[in-house]
Amino acid sequence: MFHLYQPDHIEWPVSVDLPAKGGTKKAYTFTAHFNVLSQDDCQKLQDLHNQMLVTMRRRLEVLQGYGKEDASVIEELPCSYEDLADAVLCGWGAEVVDRDGEPIEFTSASKAQLYRIQGAAAATFQAWLDSLGRPSEKGAAKAGGFRSKNS
């Protein structure tokens with residue numbers, strides 16, 4: 001059964017890889033509460049993310065000397081991962097805790113503290129993208145997006 005009713009938010013796991021001893025990384029996971037957005041708003045965020053990635057690529061090419069632009073003129077990013085995560089994150093589960101193991105209330109200040117952790121904003125936005133799902137290979141092949149198997 002498919003219900004047209006949509007909740008205000010969904011809960012989705014976010015995994016943030018942080019440096020650990022011995023040159024390894026350890027995954028820390030929490031449950032994010034993401035706003036349920038309209039298709040148009042989802043597309044706008046995805047387009048903004050794509051623009052950011054393209055700009056980052058062009059900046060890298062300039063800095064590496066591959067671009068034709070002067071390295072002193074670096075194109076400004078249209079947004080940051082903090083901006084993107086901020087557009088979708090509206091809460092989190094009780095597994096986000098302080099030093100004493102007590103759950104931290106979701107506030108603007110605690111969210112800003114999360115974003116100061118290396119990679120947390122990007123991981124949060126990536127988890128939101130994952131929550132949107134992706135077309136199946138078979139469905140995408142029918143639409144002409146991917147080559148179908150055995151073709």
Side-chain angles (χ1 to χ4, degrees), residues 1-19 25-64 66-69 71 73-98 101-149 151:
M1 185 177 299
F2 183 80
H3 294 270
L4 289 181
Y5 164 79
Q6 293 292 304
D8 291 338
H9 74 274
I10 60 162
E11 296 180 6
W12 197 265
V14 175
S15 180
V16 181
D17 292 336
L18 297 175
K25 291 189 176 193
K26 182 177 178 183
Y28 292 87
T29 303
F30 70 94
T31 302
H33 298 182
F34 293 133
N35 290 314
V36 174
L37 304 177
S38 69
Q39 182 61 39
D40 288 343
D41 289 340
C42 288
Q43 190 62 54
K44 286 175 186 173
L45 279 177
Q46 291 177 67
D47 290 346
L48 190 58
H49 180 237
N50 290 337
Q51 289 172 11
M52 183 182 78
L53 294 176
V54 167
T55 302
M56 290 170 77
R57 179 66 182 177
R58 284 196 296 249
R59 289 174 76 175
L60 180 62
E61 289 173 352
V62 168
L63 292 171
Q64 292 176 332
Y66 299 126
K68 298 175 183 167
E69 297 85 4
V73 181
I74 300 291
E75 187 176 353
E76 190 171 324
L77 292 174
C79 65
S80 66
Y81 276 112
E82 289 86 358
D83 297 329
L84 295 169
D86 202 45
V88 295
L89 186 64
C90 64
W92 54 48
E95 66 275 12
V96 178
V97 296
D98 62 17
E102 295 297 318
I104 296 175
E105 182 182 356
F106 181 82
T107 64
S108 295
S110 60
K111 185 168 48 167
Q113 186 177 355
L114 170 72
Y115 295 158
R116 284 192 293 271
I117 297 172
Q118 181 182 3
T124 300
F125 185 72
Q126 184 59 53
W128 175 77
L129 286 174
D130 292 344
S131 78
L132 299 179
R134 292 186 171 69
S136 68
E137 189 172 308
K138 185 176 181 180
K142 285 182 181 178
F146 299 116
R147 285 191 354 205
S148 62
K149 291 182 180 179
S151 62

Practice prompt. Answer with yes or no whether the side chains of Glu105 and Ser110 bring together a donor and an acceptor at under 3.5 Å.
Written response: no
Correct closest heavy-atom pair for Ala121 and Ala85 would be O-CB, 3.7 Å
(Q) Can you tell me if Asp98 has over 12 outside heavy atoms packed within less than 6.0 Å of its CG? (A) yes
Student check: side-chain heavy atoms of Ile117 and Tyr28 closer than 4.5 Å = no
Next on the checklist: I'd like to know if the side chain of Trp92 and the backbone of Ile104 have a donor-acceptor N/O pair within less than 3.5 Å.
Outcome noted: yes
CG of Leu18 to NZ of Lys25, rounded to nearest 0.5 Å, is 8.5 Å
Would you say that Met52 contacts Leu84 through its side chain, given a criterion of any heavy-atom pair below 4.5 Å between the two side chains? yes
Here the gap from Leu89 atom CG to Trp128 atom CH2, rounded to the nearest 0.5 Å, amounts to 12.5 Å
CD (Glu82) and NZ (Lys111) are apart, to the nearest 0.5 Å, by 11.5 Å
* Note, Val96 side chain near Phe106 side chain (heavy atom, < 4.5 Å) -> no
To the nearest 0.5 Å, atom CD of Glu11 lies from atom CZ of Phe30 at 12.0 Å
When every non-hydrogen atom of Ser15 is compared with those of Ala123, the smallest separation belongs to O-CB, 3.5 Å
Backbone N or O of Thr31 within a donor-acceptor pair of the Glu95 side chain at under 3.5 Å? yes
Heavy-atom closest pair (His33 atom, Gly93 atom, distance to 0.1 Å) is NE2-N, 3.9 Å
> Would you say the side chain of Leu48 lies within less than 4.5 Å of the side chain of Lys44, judging by non-hydrogen atoms?
Replying inline: no
Only residue of Val88, Leu132, Asp130, Thr124 satisfying side chain to side chain contact (heavy atoms under 4.5 Å, CB included) with Trp12 is Asp130
Original post:
Under 4.5 Å between any side-chain heavy atoms of Leu114 and Val16, yes or no?
Top reply: no
### Within-4.5 Å side-chain heavy-atom neighbours: Tyr81 and His49
yes
- [ ] Could you give me the CA-CA distance, side-chain angles and deciding distance for Arg59 and Leu77, then say whether side-chain contact (heavy atoms from CB on, under 4.5 Å) is met?
- [x] CA-CA 9 Å; Arg59 289 174 76 175; Leu77 292 174; 2.9 Å; yes
Check: Asp47/Gln43 side-chain N/O donor and acceptor closer than 3.5 Å:
yes
Discussion item. Quick one, Leu60 with Met56, criterion side-chain contact (heavy atoms from CB on, under 4.5 Å). Give me CA distance, side-chain angles, the key distance, then yes/no.
Written reply: CA-CA 6 Å; Leu60 180 62; Met56 290 170 77; over 6 Å; no
